[in-house]
Amino acid sequence: MFAAIEQGLPLVAQPYLAIAEQIDASEEQVTSTINHWQKQGVIRRFGLVIRHRKLGYVANAMVVWNVDDECVEDVAAILAKQKVVTLCYRRPRVLPEWNYNLFCMIHGKDRAQVIKQLDDMCQHGDLAGIEKKILFSNKAYKQRGGKYSQASASGN
């Protein structure tokens, strides 16, 4: 089943049923196995990979925040609720070079749109006073899901 799901879900009305038919299992067996793997931590995330650039979102920025450790969960909760934020996570600081401990991704059709979205977010979320940097991406790297099977590890 690893090999079947790491290729991505089929773009059909019932993707789990399609996988079940592919591996000679039931749809319930597929969903319960995936749930079990998530609970075990074998699969950390199960979601979509969206090709933003193909949709016209070519200005993509990681905003890095230097948030007091006591407040980071609250600020992360505010960021995660924003419609323009597609990804938000915490990482440890790497002192003395890197003071930032909270990261969020914002996508836009141009840089001005992303900056406006960030400004709006800061004003409405009371985030303006927090030190931050906006890092626009210069290159689109290939996005893909996790690879779990031995066939993928060997390049087959």
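Residue indices begin at 1 and follow the sequence shown.
Under a 4.5 Å side-chain heavy-atom criterion applied to ILVMFWY residues, the cluster that includes Val58 comprises that residue alone. Other cluster members for Leu17: none, since no ILVMFWY side-chain heavy atom sits under 4.5 Å from it.
Sorted by first and then second residue, the salt bridge (charged side-chain N to carboxylate O under 4.0 Å, His left out) pairs with a member in residues 17-41 form an empty list; sequence neighbours excluded. Under the side-chain hydrogen bond (donor to acceptor under 3.5 Å, both in side chains) criterion, the residue pairs touching residues 122-135 are Asn66-Glu131, Tyr100-Glu131, with sequence neighbours excluded. Sorted by first then second residue, the salt bridge (charged side-chain N to carboxylate O under 4.0 Å, His left out) pairs that include residues 106-117, not counting sequence neighbours, are Lys116-Asp120.
The minimum heavy-atom distance linking Val12 with Pro15 is given by the pair O-CD, 3.5 Å. Ile106 approaches Met121 most closely through the heavy-atom pair CD1-CE, 3.8 Å. For the residue pair Asn60 and His52, the shortest heavy atom distance occurs at OD1-CB, 4.2 Å.
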Give the table of side-chain donor-acceptor pairs shorter than 3.5 Å for residues 78-90, with sequence neighbours excluded, one pair per line with atom names and distance.
residue, atom, partner, partner atom, Å
Gln82, NE2, Ile78, O, 3.1
Thr86, OG1, His107, NE2, 3.0

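Evaluation of the side chain to side chain contact (heavy atoms under 4.5 Å, CB included) rule for Leu11 yields no partner, not counting sequence neighbours. With sequence neighbours left out, Arg44 forms a side chain to side chain contact (heavy atoms under 4.5 Å, CB included) with no residue at all. Trp37 is linked by a ring-ring contact (aromatic ring centres under 6.0 Å, His included) to Phe2, counting only residues two or more places apart in sequence or in another chain. Residues satisfying the side-chain hydrogen bond (donor to acceptor under 3.5 Å, both in side chains) test with Ser137, not counting sequence neighbours, are Arg53. Applying the side-chain hydrogen bond (donor to acceptor under 3.5 Å, both in side chains) rule to Ser26 yields the partners Gln29; only residues at least two apart in sequence or on another chain are considered.
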